[in-house]
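Everything on this sheet refers to the single structure shown next.
Everything quoted here is computed from the prediction, not taken from an experiment. Sequence positions, counted from 1, serve as the residue numbers for this chain.
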Amino acid sequence: MDIKEFTRLISSRKLKARQMANLSKMKNISEKFHREAGTYDEVKEVFEREITEDTIVLESGHQPNFFPYAGVWKKAFLLAFFDNMLAEYGRESIPLFGFFDYNLCTARFLYKNKIPFARKGGYEAIGFKISREEQWKRFNAIDKPPEDEWRKEIERIKGIYRKAMEEAKGIDDAVEDEKEHLNMLEEEMWRSYELADKFSDVNAFIFSRICNRIMGLKVIFFRYSDVQSAKIFIDEWERVISDIERYNSMHNEIVRRRCLEDIGYCDANSIPFWYHCDCGGKVPLYLSGDKWVGECPVCHKKEEIDKNLSEIFSRVSPRAVLRNLVFSEGLGTSLFISGAGGGLRYGIISNEISRAMGLNLPITLVWSGKDYYLGAAHKAVLKQLCSFFLMDYEDILSEERAVLKVRERRNAFADEIKNGEEDVIRRYSRLYMFSDTLLKIAKDVFSIIPSAFDLFVAVGPRRILDMWHKTLEDSEIREGEFYRIEKDVVYDENIVHIYETIKRIGERSEEIDPLGMFNKHQSAG
């Protein structure tokens, strides 16, 4: 189906009184977030919308990662996109995006990320360190980095891009635009740092400020920890966990039947939420008689809690499946925007439990696809490839032409090695081996899934918005258990060919080896 048909599909639900009340509370905690992030004025219009039974709830969320990859930003974009589409049909919606700020710090992308860089692996890590002791704490229990560390890392990131821009000179004339985009990102990073106390808020504020202020997306954000503090959805929690044995049995049966063993089975007495320890750790809980019990993985304190959800609600957080159930039922969500990874697998379980328990089941949509663009590192490595292998632009567009150029260059090196003096042999042997290293570095640079920081620097927010709109408008949505948009975003003509050529010649490098040196080198290694 096309976008218009899909929009009509999500516009037919009506909210119950309880869901309207919950949505009003969600707006309150979201307003608190936006005032702290300095983005309230940009989304004030959304807060002024009246909540009625005809309001359409659009929802998504993610961890507050350090400059996440483009797919996470597309979730917020899709919320704003369908908000606008519904308005064309005379329907008003509330687009909500939640930050899982209480997730454990074991996920490295919370505080680190990757940008393309011409080195082995194809990337440079950007971000910060969290000590091993703190990795088992909640992210919203971690203070923001000290100012000198923050400043040092921003300067390092800027230095990486300045160097890459200098190395890429001559490929195109976009350097001044890239510098402007880099300055914009630096400004928003610093303002977010100044406004936040916790590391989770620094990242969340950056995301909100770029989405709301720079990209103009009318999406309202909230923290999941604020949902717990405000005791929203407590009735939905009580309903779902009223029969733990049945809940866990359904979960395990679905895992077995749908081959989701990677998600794991539940113990018969496990509780589908964590208790938050004073030390910042998250305690897994189990039912023992009339108590919930557990041990903190950080400080090893043993907890024994009365089964009174209301008393501890601000100190607990749901596991993924429970989250899906209580939010969709509590808000009457019409459309949930999911990521293309593990979230869909949890969604399979929550969808089946929702049907069994008679809970609201939203339509789930995922946009899978790659953004094809040329950033500073891409252009720098392209320039180096063309110079080293004596290629031109037309060669880079054709795998066979590029392979021919690689073969010609290596044959020339081989001739020098076979016929040269000792110092010539050493020199050309190094060049011969480096030709393989360079191709593999190039392949890695063009293969990684980078932080969207690189996309923002290379393309800029306005063009990103234009291209995402254009790509969506030309897309078909595939129907199924989850609805899918499977379309890449291609920013310029022939970029896909460039990516494919670079990857293929990197993969084929070792077969273009007239001297048989690469296999010998590997064997020696």
Side-chain angles (χ1 to χ4, degrees), residues 1-7 60 62 65 67-82 85 109 113-116 122-123 171-172 174 178 181 210-211 215 217 337-344 364-379 381-382 393 396-399 402 442-480 482-507:
M1 67 174 67
D2 63 22
I3 292 291
K4 291 182 178 179
E5 289 176 292
F6 184 78
T7 304
S60 191
H62 203 267
N65 287 0
F67 269 101
Y69 79 108
V72 181
W73 302 81
K74 285 175 182 172
K75 291 182 181 182
F77 170 79
L78 285 169
L79 292 177
F81 180 88
F82 284 108
M85 289 291 292
F109 283 121
N113 221 310
K114 300 175 180 179
I115 56 174
Y123 71 89
I171 295 290
D172 60 28
E178 291 172 349
H181 302 153
I210 291 176
C211 284
M215 302 179 83
L217 303 180
I337 307 296
S338 174
L344 284 181
T364 297
L365 174 68
V366 58
W367 182 359
S368 59
K370 187 178 179 67
D371 285 68
Y372 286 93
Y373 67 98
L374 291 181
H378 300 105
K379 289 183 282 191
V381 80
L382 270 178
Y393 184 73
I396 292 293
L397 296 180
S398 163
E399 177 184 340
K443 177 177 76 73
D444 289 342
V445 167
F446 279 82
S447 298
I448 70 161
I449 300 175
S451 162
F453 191 99
D454 194 66
L455 178 62
F456 280 117
V457 173
V459 180
R462 289 188 179 180
R463 185 146 184 260
I464 290 170
L465 279 177
D466 289 343
M467 291 304 299
W468 287 358
H469 270 286
K470 183 177 184 298
T471 302
L472 266 194
E473 288 165 358
D474 296 337
S475 296
E476 286 291 316
I477 298 180
R478 289 178 52 193
E479 299 182 51
F482 305 111
Y483 289 78
R484 291 179 175 271
I485 300 167
E486 296 180 344
K487 193 160 187 179
D488 298 324
V489 184
V490 182
Y491 290 85
D492 287 295
E493 188 179 3
N494 292 324
I495 287 184
V496 175
H497 294 300
I498 293 173
Y499 270 70
E500 291 175 349
T501 297
I502 298 303
K503 289 179 190 176
R504 285 294 295 139
I505 60 175
E507 291 165 354

Got [X] and [Y] here, is their nearest side-chain heavy-atom distance under 4.5 Å?
X: Leu374; Y: Asp492; result: no
X: Tyr69; Y: Asn113; result: no
X: Ile464; Y: Leu455; result: yes
X: Tyr483; Y: Met1; result: yes
X: Ile498; Y: Leu382; result: yes
X: Ile337; Y: Val366; result: no
X: Ile485; Y: Ser368; result: no
X: Val489; Y: Tyr372; result: no

About how many Å separate [atom2] of [Y] and [atom1] of [X], when rounded to the nearest 0.5 Å?
X: His181; Y: Glu178; atom1: NE2; atom2: CD; answer: 8.0 Å
X: His497; Y: Ile502; atom1: NE2; atom2: CD1; answer: 13.5 Å
X: Ile477; Y: Glu5; atom1: CD1; atom2: CD; answer: 9.0 Å
X: Ser475; Y: Arg484; atom1: OG; atom2: CZ; answer: 14.0 Å

ask   = Got a salt bridge between Arg504 and Glu507, using NZ or NE/NH1/NH2 to carboxylate O under 4.0 Å?
value =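 Judged by the 4.0 Å cut-off on N to carboxylate O distance, Arg504 and Glu507 do form a salt bridge.
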
Does a sphere of radius 6.0 Å around [atom1] in [X] hold more than 12 heavy atoms from other residues, nucleotides or ligands, not counting ones at 6.0 Å or beyond?
X: Leu397; atom1: CG; result: yes
X: Lys370; atom1: NZ; result: yes
X: Glu493; atom1: CD; result: no

request  = Kindly assign one of parallel, tilted or perpendicular to the pair His378 and Tyr499, based on the angle between their ring planes and the thresholds 30° and 60°.
outcome  =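 The arrangement is tilted - the two ring planes meet at 30° to 60°.
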
message = Which label fits His469 and Phe81: parallel for a plane angle under 30°, tilted from 30 to 60°, or perpendicular past 60°?
response =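 The rings of His469 and Phe81 sit tilted, inter-plane angle from 30° to 60°.
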
Give a yes or no answer on whether the side chain of [X] reaches the backbone of [Y] with a donor-acceptor pair at less than 3.5 Å.
X: Lys487; Y: Asp474; result: yes
X: Trp367; Y: Lys75; result: no
X: Asp488; Y: Gly369; result: no
X: Asp2; Y: Glu476; result: no

query = Would His62 and Trp73 count as a side-chain contact (heavy atoms from CB on, under 4.5 Å) if you check the C-alpha gap in whole Å, the side-chain angles of each, and the deciding distance to 0.1 Å?
reply = CA-CA 10 Å; His62 203 267; Trp73 302 81; over 6 Å; no

request  = Please determine, by modelled atom types, if Asp371 and Tyr491 share a side-chain donor-acceptor pair under 3.5 angstrom.
outcome  =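 There is such a pair (donor and acceptor under 3.5 Å, judged by atom type) between the side chains of Asp371 and Tyr491.
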
ask   = Does the side chain of Asp454 pick up a donor-acceptor pair with the side chain of Tyr373 at under 3.5 Å?
value =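 On atom types as modelled, these side chains qualify, holding a pair under 3.5 Å.
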
Specify the closest pair of heavy atoms between [X] and [Y], including all atoms of both residues, with the distance to one decimal.
X: Cys211; Y: Ala76; answer: SG-CB, 4.0 Å
X: Pro461; Y: Met215; answer: CB-CG, 4.0 Å
X: Phe67; Y: Ser451; answer: O-OG, 2.7 Å
X: Phe446; Y: Lys503; answer: O-CE, 3.1 Å
X: Ala340; Y: Leu344; answer: O-CD1, 4.1 Å
X: Gly375; Y: Ala458; answer: CA-CB, 3.6 Å

inquiry  = Apply side-chain contact (heavy atoms from CB on, under 4.5 Å) to residues Ile3 and Met85 and explain how you reach the verdict.
reply    = CA-CA 9 Å; Ile3 292 291; Met85 289 291 292; 3.6 Å; yes

query = Between Arg478 and Glu486, is a salt bridge (Lys or Arg N to Asp or Glu O under 4.0 Å) present by the stated rule, with each step listed?
reply = CA-CA 8 Å; Arg478 289 178 52 193; Glu486 296 180 344; 2.7 Å; yes

key: Geometric cation-pi criterion, Lys114 with Tyr123: 6.0 Å, 45°   =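 Yes - Lys114 lies over the ring of Tyr123, closer than 6.0 Å to its centre and within 45° of its axis.
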
